[in-house]
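Chain A is the first sequence line, chain B the second, and so forth, proteins listed ahead of strands; every chain is numbered from 1. Reckoned from all heavy atoms, side chains included, excluding hydrogens, waters and symmetry mates.
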There are 2 protein chains.
Amino acid sequence: MDTRTEIIRLGDSLIREKGYNAFSFADISKHLNIKNASVHYHFPTKTTLGLAIVQEHRNRLERLKTKTESKDPVEKLNAFLNIYAAAKSENKICIVGSLATDFYTVEPEMQHELKKLADSILKWVIEILKEGKNKHVFRFRTSERTKALMIITNMLAAVQLTRLTNKQDFKEIKETILHDLTQ
Amino acid sequence: MDTRTEIIRLGDSLIREKGYNAFSFADISKHLNIKNASVHYHFPTKTTLGLAIVQEHRNRLERLKTKTESKDPVEKLNAFLNIYAAAKSENKICIVGSLATDFYTVEPEMQHELKKLADSILKWVIEILKEGKNKHVFRFRTSERTKALMIITNMLAAVQLTRLTNKQDFKEIKETILHDLTQ
DNA sequence: ATACATACCTACTAATAAGTAGGTTGCGCT
DNA sequence: AGCGCAACCTACTTATTAGTAGGTATGTAT
């Protein structure tokens, strides 16, 4: 893996572990055994790095959308839920949740990019729910948008809150989401 | 209001607006028109201030529990949901969510106090759900603990996520929680 | 009156932050 | 062989951070 990619990977990991304002270029340079200035060579500012990290998440999401296109709604939803399960397995939280907390401390460009990511997630879940409803595999009462928001908020906060309770709670929440939908 | 209380209020406000690692003693001293050292007089370290803020939340929660003791379950749940609605009206997030994000950057004492707060919230919501089920005003399938976690995660992340979508989404989520429970 | 505590102050320190100027190394291309 | 560029480096700046030492004003109890 090239250095630029490693910086993005590490920066992402730090944001989701400790938060945007708790990680520094020094954290990255130490961990990669390069100097502070070398990190700045790849990313002139913290904002450019932050933007690359958020964009990488959006790219990964689009790739996952495409990859699961032909799968059934349950598999699609599982693919979505597993993003959070993977985060939880490392005790990391969701990038959206982490940066939503720090939202008013980041530059407008970052805020904008983050909104685009949140939008992309929301649209995907809405699509999955619509398809599941049409195919009679999902059953729910509210609008697709609201139901999607309920599911996303469950997962987004589950990775956060279960840092304070226990990991088993996360599993229960995840399973309940699917169980409730499929009745 | 005395200075100590004002520092707690302001610190809490800053944590819930920008996150623990984005606020400084300088933010507080400037806003209260006192000097940095005066803030340190009341709170020797950032941790002592953080602890006081979390403890204040737990005190407020206990007072709210007591105050609504004799009310019916729907009113109790509304009292709980309105904590988040009040936060949302100022575009602030939940203290638990904010500090869960920064969890691995705060001292063990803070982590412990935060766990106690999360526990207190969870226990209250579980109680409300149990009472509601017994009195046949709430209807839900999963265990009380899991249902409580679902509701708390909905609200905790709703205040965060709707910074990126829109305020109306928050209202929908909140209303759906009650609507789903009362069928 | 004096002693003492509370609540502030001035003036500072050491550590860490993001960011920069300009030099060095090694590799591929012509 | 020599050019140019990518990817590093040394060495620095400026700002901000939490935290401290020690002094001052004001009220209260003896």
Rounded distance in Å - [atom1] ([X]) to [atom2] ([N]):
| X | N | atom1 | atom2 | result |
| --- | --- | --- | --- | --- |
| A:F43 | D:dA7 | CZ | P | 11 Å |
| A:I28 | C:dT16 | CD1 | P | 17 Å |
| A:L14 | C:dA18 | CG | P | 11 Å |
| A:F25 | D:dC8 | CZ | P | 14 Å |
| B:H40 | D:dT20 | NE2 | P | 8 Å |
| A:E107 | C:dA18 | CD | P | 13 Å |
| B:L49 | D:dT17 | CG | P | 15 Å |
| A:I7 | C:dG19 | CD1 | P | 14 Å |

Working for salt bridge (charged side-chain N to carboxylate O under 4.0 Å, His left out), residues B:R16 and B:D12 = CA-CA 6 Å; B:R16 285 164 47 233; B:D12 169 52; 2.8 Å; yes
Check for a donor-acceptor pair, side chain of [X] on one end and backbone N or O of [Y] on the other, with a separation under 3.5 Å.
| X | Y | answer |
| --- | --- | --- |
| A:T176 | A:E172 | yes |
| B:E75 | B:T68 | no |
| A:S98 | A:I15 | yes |

Assess the side chains of A:K167 and A:T162: does a donor N or O sit below 3.5 Å from an acceptor N or O?
->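 The answer is no; no qualifying pair exists.
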Is the cationic atom of A:K174 (NZ for Lys, CZ for Arg) positioned less than 6.0 Å from the six-membered ring centroid of A:Y84 and within 45 degrees of its normal?
->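 Negative - A:K174 is either too far from the ring of A:Y84 or too far off its axis.
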Over-ring placement of B:K46 relative to B:F23, 6.0 Å and 45° cut-offs =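 Geometry flag: set, cation within 6.0 Å and 45°.
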Chi angles and distances behind the side-chain hydrogen bond (donor to acceptor under 3.5 Å, both in side chains) call for B:N91, A:Y104 = CA-CA 10 Å; B:N91 230 345; A:Y104 298 111; 2.7 Å; yes
Would you classify B:F23 as touching base, sugar-phosphate or nothing, given that sugar-phosphate means primed atoms plus P, OP1 and OP2, and contacts are heavy atoms under 4.0 Å?
->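 Answer is sugar-phosphate: B:F23 comes under 4.0 Å of backbone atoms only.
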Below 3.5 Å is the cut-off: list the nitrogen or oxygen pairs between protein and nucleotides 26-29 of chain C, distance only.
none

Using the 3.5 Å cut-off, write out each protein N or O paired with an N or O of nucleotides 8-12 of chain C and the distance between them.
residue : atom : partner : partner atom : Å
C:dC8   : OP1  : B:T3    : OG1          : 3.2
C:dC8   : OP2  : B:T3    : OG1          : 3.3
C:dC8   : OP2  : B:H42   : NE2          : 2.7
C:dC9   : OP2  : B:K35   : N            : 2.7
C:dC9   : OP2  : B:S38   : OG           : 2.4

How far does CH2 of A:W124 sit from CG of A:L64, to the nearest 0.5 angstrom?
->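 Here the rounded value is 4.0 Å.
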